[in-house]
Asker: 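Quick one: the structure is below, and I'll ask about it shortly.
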Amino acid sequence: MVFLSTICVAAIAAALFKILVPENKFSKQLSLLTAGVFLLVGITAFSGAELDLDISAFEEDADDKMDDFSSGVNERLREEICGKMEEKVRALLMQSEIYPEQIHVIVNISGLYGIDITEIRIVLKEDSTEELAHTAENLLKRELSENVKITVSVKR
């Protein structure tokens, strides 16, 4: 019964396709294509195999690959921004003879054109004073955007 219903549906679809496609110089090619599809449906119906035209598995795979690519690009961009910002902050502090031991830059990437430096954490050497830490913090607050949180601490 499945065989006959499949053949009938394929025949109706082929007839509708021929009616909907206007006659032109490609009519022979379209007839050949229609006959090929009809033949393929007939063979798969006769053999009992089901023709699986579900592309959702391919879409999910493509989405996963795109997500992996996108996250890789975002991570590379984050590393690049953090590295450049660390170099600039280090150079700015060194002009005032402040030598940080560690500089941590925290970046938020929230979409296309949505890149924000949210926080900069500076760790000064053990022999630094709290006064030097305040000087470094004030210097960075003057030079950077007010939206950037600045934390300067002395290593203990």
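Bear in mind the structure is a predicted one, so any value in this text is a computation, not a measurement. Hydrogens, waters and symmetry mates play no part in the numbers below; they use all other heavy atoms, side chains included.
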Asker: Quick one: pull up CZ in R78 and CD1 in I117 and give me the separation to the nearest 0.5 Å.
Answerer: 12.0 Å
Asker: Do I120 and H104 come close enough that some side-chain heavy atom pair is under 4.5 Å?
Answerer: no
Asker: Quick one: name the residues clustered hydrophobically with Y99, using the 4.5 Å side-chain heavy-atom rule over I, L, V, M, F, W, Y, and just say none if it's on its own.
Answerer: M94
Asker: Hey, mind stepping through T151 and E119 against side-chain contact (heavy atoms from CB on, under 4.5 Å) and telling me if it holds?
Answerer: CA-CA 8 Å; T151 307; E119 186 175 356; 3.6 Å; yes
Asker: Using a strict 4.0 Å threshold on nitrogen-to-oxygen distance, state whether K155 and E101 make a salt bridge.
Answerer: yes
Asker: Going by the rule salt bridge (charged side-chain N to carboxylate O under 4.0 Å, His left out), which residues pair with E79 if we only count those two or more places apart in sequence or in a different chain?
Answerer: none
Asker: Following the transitive rule for hydrophobic clusters with a side-chain heavy-atom cut-off under 4.5 Å over Ile, Leu, Val, Met, Phe, Trp and Tyr, establish whether V154 and V123 coincide in one cluster.
Answerer: no
Asker: Using the rule that two of Ile, Leu, Val, Met, Phe, Trp, Tyr join whenever any of their side-chain heavy atoms come within less than 4.5 Å, decide whether I98 and I150 are in one cluster.
Answerer: yes
Asker: Show me, pair by pair, the donor-acceptor contacts under 3.5 angstrom made by side chains of residues 134-145, not counting sequence neighbours?
Answerer:
from, atom 1, to, atom 2, distance (Å)
T135, OG1, E131, O, 2.9
E137, OE2, K141, NZ, 3.1
N138, ND2, H134, O, 3.2
S145, OG, N147, N, 3.2

Asker: Output the distance between atom CG (L124) and atom CG (L93), rounded to the nearest 0.5 Å.
Answerer: 7.5 Å
Asker: Determine all donor-acceptor pairs shorter than 3.5 Å in which one atom belongs to a side chain in residues 81-89; sequence neighbours excluded.
Answerer:
from, atom 1, to, atom 2, distance (Å)
E86, OE2, R90, NH2, 3.3

Asker: Indicate yes or no for a side-chain donor-acceptor contact from T118 to the backbone of I106 under 3.5 Å, with no hydrogens or angles considered.
Answerer: yes
